[in-house]
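First the structure, in the form of structure tokens, and then the observations on it.
Fair warning: this is a prediction, and the values are worked out from it, not measured in the lab. When reading the values below, keep in mind they use all heavy atoms of this one structure, side chains included, and skip hydrogens, waters and symmetry mates.
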Amino acid sequence: MNITFNKKLLAVLISSTLLLTACGGDDGKDGATGPAGSDGVAGPAGPTGPAGNNGAPGQNGANGQDGTDGEDGVDATAPAKLIRLATTPMGSELTGMFKTDNGELFFNIQHPSDTLPGDESKAAVGVWNGVDLDMLDPKITPVAVPVKGSPESQTTRVAVGSYQALGREGDIFAGALPFGFGNITTPDGSVSVKQSNNPDFNAYIPDNISGSEGYLFSAWEDRPGGVSRLSIAKQNDGTWRVNDAMNVNFGNVKGTMINCFGTVSPWGTPLTSEENYEAENTVRWNDATYSTGYPNYADVLKIKDYLGGTFPNPYDYGYIVEITQPKTAAPVPVKHFTMGRYAHENPVIMPDHKTVYLTDDGSNKGFYKFVADVAGDMSAGTLYAAKVMQDATVDTAKAGFDIEWIELAHATNADIESWVRSYDGIDESDYVEGATSYISDAEVADWAAGNATDDRVAFLETLRAAEAKGATVEFNKMEGININYDGAKDRSVPFMYVAMAEVRGAMADTTGDIQVTENRCGAVYRFGFDESYNVNRMQPVVVGGAYNGTSTTDKCDVNGIAQPDNIEVLDDGRVLIGEDSSNHVNNMLWVYNPNGI
């Protein structure tokens with residue numbers, strides 16, 4: 001039977017069900033809710049479960065970045081004031097110091113002991129390889145003093161690198177010098193006059209932009225004197241090669257004599273100095289009995305040989321000689337009579353190309369300044385002599401000097417040479433004991449009083465003229481004088497330095513302008529200069545140590561200078577000092593640091 005449901009029937013059924021459920025009696029109201037029962041007593045704790053297994057290890061984290069390097073610590077050790085850079089073989093002088101723009105240093109080994117082994121007994125012209133002097137470590141380890149007679153005392157030793165002899169006396173350079181290196185020949189090169197072992201001044205004239213090729217001029221300090229020229233080139237290994245050699249021909253200036261230290265002009269020409277110790281003793285020049293001078297009569301005869309038999313005129317010798325056209329096949333020497341006649345040690349031309357300072361070697365000597373009329377032309381100008389006033393102390397290490405300049409005279413090379421020529425033709429036959437064939441004391445006095453007809457006295461008898469005018473003529477062994485040219489020009493190194501080989505004699509007596517304590521080991525003085533390159537003050541900066549005249553080894557302290565000679569000023573203001581000494585068994589090369597202790 002199909003029963004059909006619909007929504008109404010479903011609703012009746014649901015209602016009926018609800019009514020049936022509610023039947024069975026009257027449902028009373030719910031009673032009030034009773035209070036909550038108290039909490040039951042907690043049951044005992046369950047047993048502890050077993051420990052869990054350890055977890056697997058975690059992966060390592062990535063490495064952190066390295067920290068930045070810390071800065072180097074500062075070396076608080078102060079540099080030394082004086083460091084020994086080299087020692088030379090026994091008996092030799094260290095001469096001819098010349099620093100190139102690349103910091104290379106040429107220097108010579110003059111007259112080493114003839115007892116030395118092999119070639120070490122021969123004079124050498126050489127170069128210090130493997131060093132840049134302008135970058136020299138201010139704390140470089142000094143060269144040790146060699147033990148007397150040891151192998152180290154018989155050779156040249158340097159603090160770093162090595163010393164290379166470019167040529168030794170007698171070398172012929174593949175026939176370029178038939179009579180040998182250092183041999184003084186007649187002007188045409190055909191006859192040997194004498195062999196010298198006294199190389200002094202060096203001047204390197206570069207011939208390319210890098211300075212790796214050029215000409216090395218070396219003076220030979222003899223009677224007569226000479227200058228050689230080596231054509232050299234620097235090799236890839238740092239050593240130098242000699243390509244050619246020649247002697248400069250001085251025939252056009254009647255030769256030279258005792259060619260000592262020198263410099264290079266700002267325009268690139270070598271300036272060699274004639275160190276005529278007898279310049280103020282001209283009265284003995286034609287005295288055939290004179291055997292003790294430097295030069296003496298025997299030396300005068302050697303100059304006569306050089307001139308082909310003509311007796312030499314004394315007023316031709318004792319000047320600064322400029323070697324012009326230095327790169328040509330035949331360089332041309334020019335004697336600058338304008339700078340005076342005396343025992344020239346060295347000239348230094350200042351950056352104005354006009355002012356020149358000049359030293360006079362020997363005892364009882366002067367100090368001079370020349371000012372050219374025209375920059376770059378030394379053929380005309382005014383000559384001055386220094387007068388000094390000492391500080392109020394006799395301590396050589398402290399006593400400085402104020403300087404004033406006394407004008408001697410103005411002239412040209414042509415003027416002076418005409419005066420020189422008036423003394424030609426005089427020889428031994430004209431000598432009269434007690435008289436003179438040359439300028440007399442009376443003529444000097446007349447000139448100083450303003451009664452002379454010309455100024456020949458100032459230029460031909462310069463030391464006597466300076467004394468007559470009241471200049472100081474008490475300096476003793478005033479040697480090399482120098483500046484750092486670029487440093488002087490931009491005033492980064494506004495100083496000039498000079499070496500005094502010995503402080504003694506007229507400097508160490510109790511009369512005159514200079515009265516300081518004797519120092520046989522010598523001193524180095526410093527000059528400041530103004531914008532016009534005038535100097536008016538000198539003061540000591542390096543002074544030799546104790547002197548022990550009875551010592552059979554080193555008479556001067558080996559930790560200090562002994563008879564300083566050559567001077568070079570480095571780009572940073574440090575000063576190279578070379579020794580010309582018998583007071584050290586081995587002569588030394590030093591570097592002085594003004595900022596050292």
Side-chain angles (χ1 to χ4, degrees), residues 85-99 105-128 146 153-158 163-171 180-184 194-204 216-230 247 256-263 270 272-275 277 294-295 299 343-346 361-362 477 479-480 499 501-502 522 561-568 576-590:
L85 295 181
T87 60
T88 65
M90 293 185 300
S92 65
E93 298 177 22
L94 191 155
T95 60
M97 292 195 313
F98 184 88
K99 183 187 73 68
L105 185 72
F106 294 94
F107 69 87
N108 303 333
I109 307 303
Q110 188 179 105
H111 60 62
S113 170
D114 58 12
T115 64
L116 293 172
D119 285 346
E120 295 289 357
S121 64
K122 299 178 182 179
V125 171
V127 59
W128 183 356
S153 71
Q154 299 174 347
T155 189
T156 303
R157 299 162 62 243
V158 290
Y163 180 75
Q164 177 189 359
L166 299 170
R168 292 188 181 273
E169 61 177 282
D171 287 351
F181 196 38
N183 193 281
I184 311 300
K194 71 183 305 183
Q195 174 66 51
S196 178
N197 69 344
N198 295 320
D200 204 300
F201 166 55
N202 286 316
Y204 180 65
L216 182 65
F217 290 80
S218 301
W220 295 85
E221 190 180 8
D222 230 308
R223 298 89 66 205
V227 172
S228 57
R229 187 185 78 174
L230 301 180
N247 290 326
T256 58
M257 181 176 68
I258 315 177
N259 297 71
C260 199
F261 196 37
T263 52
T272 180
S273 310
E274 290 189 296
E275 192 179 53
Y277 278 93
Y294 183 61
D299 298 324
H344 284 281
E345 175 72 23
N346 189 40
D361 197 355
K477 295 296 293 174
E479 305 277 1
E502 294 181 309
I561 59 172
Q563 293 177 290
D565 191 331
N566 285 193
I567 293 286
E568 276 283 347
L576 299 180
I577 305 169
E579 291 183 348
D580 166 7
S581 179
S582 59
N583 291 330
H584 280 161
V585 175
N586 296 90
N587 276 312
M588 304 175 186
L589 170 64
W590 301 89

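Asn346 places none of its side-chain heavy atoms less than 4.5 Å from the side chain of Ile567. A heavy-atom distance below 4.5 Å is found between the side chains of Pro89 and Ile109. Using a 4.5 Å cut-off on side-chain heavy atoms (C-beta onward), Pro112 and Glu120 make no contact. For the pair Pro295 and Ile258, the minimum side-chain heavy-atom distance is below 4.5 Å. When side chains are defined from C-beta on, Leu85 counts as touching Trp128, because their heavy atoms get closer than 4.5 Å. A 4.5 Å side-chain heavy-atom check between Ser582 and Gln563 finds at least one atom pair inside the cut-off. Leu94 has its side chain out of reach of Asn566: every pair of non-hydrogen atoms, C-beta onward, lies at least 4.5 Å apart.
In terms of the salt bridge (Lys or Arg N to Asp or Glu O under 4.0 Å) criterion, residue partners of Asp299 (sequence neighbours excluded) are, by chain and number, Arg223. For Tyr163, the ring-ring contact (aromatic ring centres under 6.0 Å, His included) partners at least two apart in sequence or on another chain are Phe107. Applying the side chain to side chain donor-acceptor pair (under 3.5 Å) test to Lys99 and every residue at least two apart in sequence or in another chain returns Asp134. Every residue meeting the ring-ring contact (aromatic ring centres under 6.0 Å, His included) condition with Phe181, not counting sequence neighbours, appears here in chain and number order: Phe173, Trp220. Partners of Asp565 by salt bridge (Lys or Arg N to Asp or Glu O under 4.0 Å), not counting sequence neighbours: none found. Remark: Glu275 pairs with no residue by the salt bridge (Lys or Arg N to Asp or Glu O under 4.0 Å) rule, at least two apart or across chains.
In this structure, CZ on Arg157 lies 9.5 Å from CE on Met588, to the nearest 0.5 angstrom. Note that CD of Gln110 is 4.5 Å distant from OG1 of Thr95, once rounded to the nearest 0.5 Å. Separating the OG atom in Ser92 from the CG atom in Asp580 is a distance of 10.0 Å, to the nearest 0.5 Å. Here the straight-line distance linking atom OG of Ser228 with atom CG of Asn202 works out to 8.0 Å at 0.5 Å rounding. Rounding to the nearest 0.5 angstrom, the gap separating the CG atom in Asn183 from the CG atom in Asp222 is 10.0 Å. The distance from atom OG of Ser218 to atom CG of Asn247, rounded to the nearest 0.5 Å, is 10.5 Å.
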**Report entry** Stepwise side-chain contact (heavy atoms from CB on, under 4.5 Å) test for Leu216 and Phe98
**Finding:** CA-CA 10 Å; Leu216 182 65; Phe98 184 88; 5.9 Å; no

Requested in this report: Evaluate the side-chain contact (heavy atoms from CB on, under 4.5 Å) criterion for residues Phe217 and Thr272: first the C-alpha distance (whole Å), next the side-chain angles of each, then the deciding distance (0.1 Å), finally the verdict.
Outcome: CA-CA 10 Å; Phe217 290 80; Thr272 180; over 6 Å; no

Requested in this report: Walk me through it: do Lys477 and Asp361 pass the test side-chain contact (heavy atoms from CB on, under 4.5 Å)?
Outcome: CA-CA 5 Å; Lys477 295 296 293 174; Asp361 197 355; 3.0 Å; yes

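Between Asn586 and Met90, the closest heavy-atom pair is ND2-N, 3.5 Å. Of all heavy-atom pairs between Ala123 and Asn197, the closest is CB-O, 3.3 Å. When all heavy atoms of Pro564 and Gly522 are compared, the closest pair comes out as CD-CA, 4.0 Å. The shortest heavy-atom contact between Leu576 and Met97 is O-CE, 3.7 Å. Minimum heavy-atom separation, Ser581 to Ala562: CB-O, 3.2 Å. Minimum interatomic distance between Thr256 and Glu274 (heavy atoms only, all atoms of both residues): CA-OE2, 3.1 Å.
Between Phe201 and Phe261, the angle of the ring planes goes over 60°, which puts this pair in the perpendicular group of the 30/60° scheme.
Between the side chain of Glu479 and the backbone N or O of Glu345, no donor-acceptor pair lies under 3.5 Å. With hydrogens and angles disregarded, no donor-acceptor distance shorter than 3.5 Å links the side chain of Ser196 to the backbone of Gly182. Counting only distance, with no hydrogens or angles, the side chain of Asn108 and the backbone of Asp200 share a donor-acceptor pair below 3.5 Å.
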